[in-house]
Amino acid sequence: MHPLGERVAACVGLAVEHCISLQRPDGSWEVAPDGRIFETALAGYALAHTPGRLDRRAVARARAWVESAAPQEHHPVSFLLEDTLRRIIVGAGGAVDLTAPELDAPVLASRTMLLHTLALHAGLCVRARRSEDELRELVAREYERCTRAKHKQWSKVELIALHILLQARAGRQTAVEAAGFDLVHVQAPRSGFFFNPISTALAYIALCIAAPTSDPWFVLRSQLLEHQQADGSWRFCTSDVWDTSLIVRAFAGQPAFVQTALQPALDFLQATQNVDGGWPFRSGVESDNDTTGAVVLALRGTMQGERTKDRALAYLGRVQMDNGLWRTWQFRDDPPVEDVVAHVLSALDAYRGRHRIAVGAARRWLAAEVERRGVWAASWYRGEPYALAEIGRALGPDHALVRHGVDALAARQNEDGGWSPEPGGASTASATGLALQAIVDRHPARVDRALQYLVDTQRADGTWPGHPDMFGPRPLLSHFTTHTQAFVVGGIRAALRRNWPWSPCIAAVPEGAA
């Protein structure tokens, strides 16, 4: 057997074993992301408002974790979010500057309101383009609008909570009580808010004002205490449907995975289709278009795909915008973004001839966005390799923009054989796996070094060192080990599918369900 072939075979075997060991009884994968300052500081600050300092031990553990962590610095607003929350929970004081031009981006409007309100609530000095009165009026208008328009449920919770905090500062008790009534009626029975620690923490601070010691208040307090990790941190919400779709797309061609894990995973994805025909990023929340496209891709060619396709295609046709595009979420202020449109297009391409959804305008828009930006970029994952692998699939390998992008990406392979998410950075396993998926057909000479890098960096337990890759909430980044594993194995599988000279020595790798 070819020496590298032997090592790749062992590498894939370890990755499959690890993947199977994490599968849950319902067929899904669900792991908590790495801890971040944002959730930990916010949840700790929330519990600091429990009367009588009853939760002081949980707050102290959160504060200790935050003091040992560093704010994310990949984006100015990421640093601002985490540094402000860090200073709030450790009592560092100081000023918060909300005049940076980056905060003007529409997608960051809610983050700006959150920061401004929390900084005022914590007694920090705020430099902002709006006065507190103007902020209060803006949030009040958005609060009124969210009761009439379609919003993401957790966004609605956060908006109501901010409204309560600002109205309380103005002494408007009647408004506080009315908004508190709205807030508890959004809360899931005996639980928090849509599995989201950010929404739950903000709601708890608000209920400490609007309805302290009420039943909903006790429920939220219990949720926050229960979900604090052993290290003192809180974690961003998990994403069992999204993670399972990624794993299926990456691993479905591996024989051991097919024999043991594939069928339960496909059944799980079938079972989590919502009544509207779409899929949520995690069980129990509303459908989103990105996950729906990804799950359709994961299920194609399977019985589960045949059982769900008609409702899924009807859903995608129904939520298509008048301009032919798709938003991530189903509410009017959410702009379409490249990776979501690409996933929907790829899903529709998988069922070409079996629907009448027009895709020409969306494909033209996708190409125009790449040309306009001059770089390959996605909105829900960082880095050129992800953008080229996912958006390039929707445009097609023969598209001139894709060929040019693939050539440029191949040319910046690092000396160690890997790729970085952005030009000039250190190699990461996830970026290398994604780059392999993008460049394997046009640049086969670069594949051996990439595989060597992945073999050399794999840990003994079958995993690879991970780095934050997924945006959520934007512009903060999250790291999920399941995502790293899927991106790496997907890259290796792309190389093996190309009938590499020594790939028969490993195993036949059929297309499978992905």
Side-chain angles (χ1 to χ4, degrees), residues 1-22 29 31 33-34 246-247 249-251 253-257 381-386 388-389 406 408-470 477 479-509:
M1 181 183 283
H2 190 288
L4 182 55
E6 292 179 353
R7 297 192 66 196
V8 171
C11 170
V12 172
L14 279 175
V16 171
E17 287 178 15
H18 179 268
C19 178
I20 292 172
S21 73
L22 292 182
W29 284 264
V31 299
D34 293 351
L246 287 182
I247 292 290
R249 291 174 63 195
F251 284 82
Q254 301 300 324
F257 180 89
Y381 282 88
R382 67 169 179 157
E384 291 180 357
Y386 180 84
L388 264 165
V406 165
L409 178 63
R412 69 173 184 84
Q413 186 177 22
N414 288 334
E415 287 297 317
D416 60 9
W419 276 268
S420 61
E422 310 293 349
S427 299
T428 70
S430 56
T432 302
L434 289 163
L436 261 180
Q437 295 178 46
I439 66 99
V440 63
D441 290 323
R442 281 182 64 82
H443 296 276
R446 296 184 177 272
V447 172
D448 275 13
R449 288 176 54 223
L451 292 174
Q452 188 70 57
Y453 168 83
L454 294 175
V455 167
D456 289 343
T457 54
Q458 189 182 34
R459 296 169 172 147
D461 65 355
T463 66
W464 282 268
H467 300 269
D469 286 319
M470 191 192 80
L477 286 169
H479 170 244
F480 293 78
T481 57
T482 42
H483 301 188
T484 298
Q485 295 296 102
F487 294 152
V488 174
V489 173
I492 296 173
R493 183 173 171 235
L496 300 184
R497 277 207 313 268
R498 198 182 181 276
N499 193 25
W500 216 243
W502 35 261
S503 61
C505 299
I506 299 175
V509 186

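Here, residue 1 is the first one in the sequence, and each next residue gets the next number. Note: hydrogens, waters and symmetry copies are ignored here, and every other heavy atom, side chains too, is used. Here the structure is a predicted model, which is why all the values come from computation and not from measurement.
Judged by distance alone, the side chain of Gln485 and the main-chain N or O of Gly462 form a donor-acceptor pair under 3.5 Å. No donor-acceptor distance shorter than 3.5 angstrom exists from the side chain of Thr463 to the backbone of Arg459, with no hydrogens or angles considered. A donor-acceptor pair under 3.5 Å links the side-chain atoms of Thr432 to the main chain of Trp419, judged by distance alone. A distance-only check finds no donor-acceptor pair linking the side chain of Glu384 to the backbone of Glu422 [under 3.5 Å]. In this structure a side-chain-to-backbone donor-acceptor pair under 3.5 Å is present from Arg449 to Asn414. With Tyr453 contributing its side chain and Asp448 its backbone, the two residues share no donor-acceptor pair below 3.5 Å. Here the side chain of Arg493 pairs no donor or acceptor atom with the backbone of Phe251 at under 3.5 angstrom.
When all heavy atoms of Ala426 and Pro421 are compared, the pair lying nearest together is O-CD, 4.2 Å. Taking every heavy atom of both residues into account, Ala438 and Val406 meet most closely at O-CG2, 3.6 Å. Residues Ala250 and Val489 approach most closely at O-CG1, 3.8 Å, considering heavy atoms. Residues Ser430 and Val488 approach most closely at N-CG2, 4.0 Å, considering heavy atoms. Closest non-hydrogen pair, Pro465 versus Ala429, comes out as O-CB, 4.1 Å. In this structure, Gln413 and Gly417 approach most closely via the heavy-atom pair NE2-O, 2.9 Å.
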Discussion item. Go through it in stages, so that I can follow the logic: the residues are Val8 and Val455, the test is side chain to side chain contact (heavy atoms under 4.5 Å, CB included), and I'd like the CA-CA distance, side-chain angles, deciding distance and then a yes or no.
Written reply: CA-CA 6 Å; Val8 171; Val455 167; 3.9 Å; yes
Item to complete: Show your reasoning for whether side-chain hydrogen bond (donor to acceptor under 3.5 Å, both in side chains) applies to His479 and Asp34.
Response: CA-CA 6 Å; His479 170 244; Asp34 293 351; 2.9 Å; yes
Practice prompt. Give the C-alpha distance, both sets of side-chain angles, the deciding distance and a yes or no for side chain to side chain contact (heavy atoms under 4.5 Å, CB included) between Gln452 and Leu4.
Written response: CA-CA 7 Å; Gln452 188 70 57; Leu4 182 55; 3.4 Å; yes
Worksheet item: Arg7 and Asp456: side chain to side chain contact (heavy atoms under 4.5 Å, CB included), yes or no, with the steps?
Response: CA-CA 9 Å; Arg7 297 192 66 196; Asp456 289 343; 3.0 Å; yes
Item to complete: Tell me, with the steps shown, if Ser420 and Thr428 meet side chain to side chain contact (heavy atoms under 4.5 Å, CB included).
Response: CA-CA 6 Å; Ser420 61; Thr428 70; 5.7 Å; no
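Going from atom OG1 of Thr484 over to atom CG of Leu246 covers 10.5 Å, rounded to the nearest 0.5 Å. For the atom pair Leu22 CG and Thr482 OG1, the distance stands at 8.5 Å (nearest 0.5 Å). In this structure, Gln254 CD and Ile20 CD1 are separated by 10.0 Å, a value rounded to the nearest 0.5 Å.
Between His18 and Gln458 there is no side-chain heavy-atom pair separated by less than 4.5 Å. Counting heavy atoms from C-beta on, the side chains of Val12 and Ile492 come closer than 4.5 Å.
None of Ile439, Leu434, Leu436, Asp469 except one satisfies the side-chain contact (heavy atoms from CB on, under 4.5 Å) rule with Pro385; the exception is Leu434. Each of Tyr386, Trp464, Trp29, Tyr381 was checked for a ring-ring contact (aromatic ring centres under 6.0 Å, His included) with His483, and the lone residue meeting it is Tyr381.
Contacts of Asp441 classified as salt bridge (Lys or Arg N to Asp or Glu O under 4.0 Å), with partners at least two apart in sequence or in another chain: Arg498.
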